[in-house]
Structures are given as structure tokens and as C-alpha cells.
Amino acid sequence: MIQIDTSLKNLLTTLAAGCALAVCASSAEAEPTRTPIVPLGALKLVLKSDDADRFELDRYLQTAVHRTERAADQRAVRFESSDTPIPEHAVLVFEAVAVGHGERSRRWSCIAVDRVSQCMGPEGLRLPYRADDRGMELRVTARSMAEPKVHAYVQRFRAMQKGLTASASP
């Protein structure tokens, strides 16, 4: 066992603590600050096709799924929704997934920024079935604006909206 005198031990401890603080400070400066995630709250959403389903999304990355079964003579499915406003710190990601014989394929997707009608439209969403489809699922997921990819998408969306508004005015 090596004997270290107290003053040398204190010096080594002080140097180690100083190095640890320097490493922590430099890593804290290197990390970008993140926008805190605002709680979603309770976002009530009504999705319907033949029957009405009510969903309550109360946290991010939670997915509400509305499933339909295809009738023998049915050529298309129609989804409708209440025109719910979306909290300013969130977006809703909609996806329609066709369910076939052991397979699933995404047929449609949309991101609603301000209102559900941005994706569902005033008349709802109508998707034709393909020959091997047995049904369709409409999936809705709430995402936070604090996510970098979501934030970037919304920034592009807003810029496009401003460009369209500016070009429409005389």
C-alpha cells in the first residue's frame, strides 16, 4: 500500500474536482438548449366511419387507432372527424394503414398543425380499397413542437403559408 501524505492527497483531490468541473462545464456549453415539452392536456377527438369512436389524447406519442372492417361490396372507406383545434405546442400526425392478408401498407399520411380539418377536410377523408384489403386503420399521434423535426416541419409549413398568402393578395 502506498502512503500519500495529507497535503498531497488534498492537492490531488482538488485537481480531480477541478478537472471534473471543467469537463462538465464544457459539455454543458456544447449541448444545445431544448425547449421544454408543454403538457398536451386532454385533446378530445371524435373519429367516425360507420360507428363513432371517441379518443382522448392526453400525452405525446400516444396513438389513437380507429379500425374498420371492409364489407363485401364496399369499394372505399370514409373517415370523418370533429374539427378540433390543436394546441399551439403540438401537431397531430394522421396515417391511414390498409390491412390485408397478413400485410399492412400505409396509404395516406398528413400532419395537422392548427386544426384537424387541415388533414380530414370538411367532407372527411375517402380512401378507395384495393382488391386484397380487408380493412383500414386510421392512426392519430400527438407530437410535441419541442421535437426538432416537428419544429422544422412547422417552420416550413408556416413559411409556405405566408408565401401563398402573399402571392394571393393583389
Side-chain angles (χ1 to χ4, degrees), residues 31-170:
E31 286 184 26
T33 57
R34 292 187 175 190
T35 307
I37 294 179
V38 178
L40 182 60
L43 176 65
K44 290 176 177 48
L45 184 65
V46 178
L47 300 174
K48 49 190 165 178
S49 53
D50 296 330
D51 56 340
D53 279 347
R54 291 185 180 275
F55 296 101
E56 192 166 306
L57 297 173
D58 59 359
R59 63 183 184 275
Y60 296 107
L61 301 177
Q62 174 186 12
T63 301
V65 180
H66 178 74
R67 293 178 176 83
T68 63
E69 296 295 321
R70 181 180 186 179
D73 61 341
Q74 193 174 9
R75 296 170 52 138
V77 63
R78 182 182 168 103
F79 292 106
E80 296 175 356
S81 176
S82 55
D83 187 22
T84 309
I86 299 168
E88 65 183 36
H89 49 78
V91 298
L92 292 181
V93 179
F94 289 85
E95 289 182 299
V97 179
V99 180
H101 300 279
E103 295 181 9
R104 295 179 180 284
S105 64
R106 185 168 64 174
R107 296 285 171 78
W108 172 85
S109 64
C110 181
I111 300 174
V113 176
D114 301 311
R115 302 189 71 76
V116 171
S117 62
Q118 288 175 313
C119 287
M120 301 298 287
E123 302 296 318
L125 172 66
R126 184 184 178 280
L127 297 168
Y129 280 119
R130 293 184 184 159
D132 60 342
D133 291 343
R134 291 184 161 190
M136 195 79 70
E137 294 179 354
L138 182 65
R139 300 167 171 265
V140 185
T141 306
R143 303 290 297 260
S144 171
M145 290 280 268
E147 294 178 58
K149 286 183 180 180
V150 173
H151 185 72
Y153 171 83
V154 172
Q155 295 295 74
R156 286 192 308 271
F157 176 79
R158 298 276 186 236
M160 185 179 73
Q161 269 186 328
K162 285 181 183 175
L164 290 174
T165 305
S167 66
S169 37

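For reference, positions follow the sequence shown, starting with 1.
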When every non-hydrogen atom of Arg115 is compared with those of Pro85, the smallest separation belongs to NH1-CB, 3.5 Å

Side chains of Leu138 and Met120: closer than 4.5 Å at any heavy-atom pair? yes

Partners passing side chain to side chain donor-acceptor pair (under 3.5 Å) against Arg104 (at least two apart in sequence or in another chain): Glu137

Side-chain contact, heavy-atom cut-off 4.5 Å: Arg78 with Thr68? no

For residues Ser109 and Glu95, report the shortest heavy-atom separation together with the two atoms involved. CB-CG, 4.1 Å

Rounded to the nearest 0.5 Å, the OG atom of Ser117 sits from the CD atom of Glu123 at a distance of 11.5 Å

I need the Thr141 OG1 to Leu92 CG distance, nearest 0.5 Å. 8.5 Å

Once rounded to the nearest 0.5 Å, what's the spacing between atom CG of Asp133 and atom CD of Gln74? 10.5 Å

Quick one: do Asp132 and Arg70 make a salt bridge, cutoff under 4.0 Å? no

Inter-residue atom distance Met160.CE - Arg158.CZ, 0.5 Å rounding: 10.5 Å

Using only atom types and a distance under 3.5 Å, with no angle test, would you say the side chain of Gln118 pairs donor to acceptor with the backbone of Val113? yes

Residues forming a side-chain contact (heavy atoms from CB on, under 4.5 Å) with Leu61, sequence neighbours excluded: Arg143, Glu147

First locate atom CZ of Arg75, then atom CG of Leu127, and finally report the distance between them rounded to the nearest 0.5 Å. 14.5 Å

Using 30° and 60° as the class limits, which term best fits the ring planes of His66 and Phe79: parallel, tilted or perpendicular? perpendicular

Which atom of Cys119 lies closest to which atom of Ala112, heavy atoms considered: SG-N, 3.5 Å

Is it the case that over 12 heavy atoms from other parts of the model lie below 6.0 angstrom from the CD atom of Glu88? no

Calculate, to the nearest 0.5 Å, the distance between atoms CZ and CD belonging to Arg134 and Glu103 respectively. 11.0 Å

